[in-house]
Structure formats: C-alpha cells, structure tokens
Amino acid sequence: MATTERRRFRSGTVILGGMGVLAAALTACGSDPDKRCVDPDTYRTLPVKECDDDNGRGSYYYGGSVRNGKAKGGSFDKSSVKTGGFGGHGSGHGSGGG
C-alpha cells in the first residue's frame, strides 16, 4: 500500500510541475513589453507615481533593461519594442540612454 501512495504522490508532483511550466510559458508569451517609469532627460528610473500623475516628470519606457538605476536598450515608444515569446527576450529599438 505504501508503494501505491508513493506512486500517486510522484504523479501528482509531475502534474503540478507541468502546470507550472505551462503557466510560465503563457506568461512569457504576453504581448506587452516590460515597462518602467523613467526620467526622459536622464534615463533614471522613477517611482510609478511619477508617470501616473499628470504633473509627474516621468514617461513610461518599454523593454530594455536597468543597470545602476538607468534604463537602456528600450524605447519610450511602446510600438517600437518587440516582445519575445517562450524562451525569447524582448529587444528594444529607438531612443538609447546616455
């Protein structure tokens, strides 16, 4: 009886693990690139409220990456940023950070 219980446990683990992989694949295939709030003059990242507030100084920056608090490799133009599918990476085009 203990062998049967172990076998059921293993198969349940495999099913749950497979569902996690499926969820990750569906998330990676999303159509929107990463976005972050950035100061358009300095490319420094800002709190989201700086982009959501009408008086804020930030603009959304799509794709790319952040290093030492500065965004680079993306664009302020969402439509110019390609998104990667499963196992892919988004690549940015357009405005480069200085």
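The OG1 atom of Thr45 sits 10.5 Å away from the CG atom of Asn68 when rounded to the nearest 0.5 Å. Here the straight-line distance linking atom OG of Ser59 with atom OH of Tyr43 works out to 10.0 Å at 0.5 Å rounding.
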Margin query: Quick one, Asp39 with Arg57, criterion side chain to side chain contact (heavy atoms under 4.5 Å, CB included). Give me CA distance, side-chain angles, the key distance, then yes/no.
Written below: CA-CA 6 Å; Asp39 183 317; Arg57 69 180 188 266; 3.5 Å; yes

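Summarising the geometry of Val38 relative to Ala71, their closest heavy-atom pair is CG2-CB, 3.8 Å, with the distance given to 0.1 Å. The two residues Pro40 and Gly58 make their nearest non-hydrogen contact at CD-CA, 4.3 Å. Taking every heavy atom of both residues into account, Pro33 and Val81 meet most closely at CB-CG1, 3.7 Å. In this structure, Ser75 and Ser80 approach most closely via the heavy-atom pair OG-OG, 3.1 Å.
No side-chain heavy atom of Asp77 sits less than 4.5 Å from a side-chain heavy atom of Tyr60.
Side chain of Tyr61 to backbone of Gly74: a donor-acceptor contact under 3.5 angstrom is found. At least one donor-acceptor pair closer than 3.5 Å links the side chain of Arg36 to the backbone N or O of Gly63.
Cation-pi geometry between Lys35 and Tyr62 is not satisfied (NZ or CZ under 6.0 Å from the ring centre, within 45° of the ring normal).
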